[in-house]
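One structure below.
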Amino acid sequence: IVEVQEVPHPLFDRKINDLKVKIDITLKEALLGFKKTITHLDGHEVIVDRTGVVTKPGLMVRLKGEGMPVFGAYGDYGDMLVTHIVNLPQELSEEQK
């Protein structure tokens with residue numbers, strides 16, 4: 001008898017074959033665009049490229065094939081679901097106003 005117990009990960013949340021992750025972005029990045037790197041569980045880098053587009057708070061982007069391997073289907077992978085959390089400033093300086 002083998003018992004498998006899944007331990008929570010500080011960055012990723014697994015939903016069947018998909019990996020969910022939240023990334024923090026600034027208001028400036030949300031309005032002007034950004035490019036960020038996420039280090040995957042196996043160490044390879046996944047690029048989230050939103051250059052030149054506005055990113056709404058809570059937007060979820062699906063990155064095909066960047067999730068967990070599908071059991072019994074060699075070469076198939078789930079998706080990575082990236083939710084964008086926009087960190088709004090608490091105060092504005094006089095110059096920013």
Does the side-chain contact (heavy atoms from CB on, under 4.5 Å) test come out yes or no for L19 and L41, once each step is laid out?
CA-CA 10 Å; L19 284 177; L41 293 169; 4.0 Å; yes
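- Note on L11: it clusters hydrophobically with V61, by side-chain heavy-atom contacts below 4.5 Å among ILVMFWY residues.
- The side-chain contact (heavy atoms from CB on, under 4.5 Å) check on P89 picks up L27, L92, with sequence neighbours excluded.
- For residues 67-90, every residue pair satisfying the ring-ring contact (aromatic ring centres under 6.0 Å, His included) rule, not counting sequence neighbours, is listed here: F34-H84.
- Tracing side-chain contacts under 4.5 Å through hydrophobic residues (I, L, V, M, F, W, Y), one reaches L59 starting from L31; they form part of the same cluster.
- Cluster note: M60 groups with L81 through ILVMFWY side-chain heavy atoms spaced under 4.5 Å, whether in direct contact or through intervening members.
- A search for side-chain hydrogen bond (donor to acceptor under 3.5 Å, both in side chains) contacts involving D49 returns T51, not counting sequence neighbours.
- In terms of heavy atoms, F12 sits closest to H40 at CZ-CA, 4.1 Å.
- Residue pairs meeting the side chain to side chain donor-acceptor pair (under 3.5 Å) criterion with at least one partner in residues 7-24, sequence neighbours excluded, are absent.
- Here the side chains of V46 and H44 are in contact, with some heavy-atom distance below 4.5 Å.
- Listed by first then second residue, pairs satisfying salt bridge (charged side-chain N to carboxylate O under 4.0 Å, His left out) with a partner in residues 64-91 read R62-D79, K64-D79, not counting sequence neighbours.
- Annotation for I47: atom CD1 counts as buried by contact number, over 12 foreign heavy atoms lying within 6.0 Å.
- Annotation: the span from T55 atom OG1 to I25 atom CD1 amounts to 5.0 Å, rounded to 0.5 Å.
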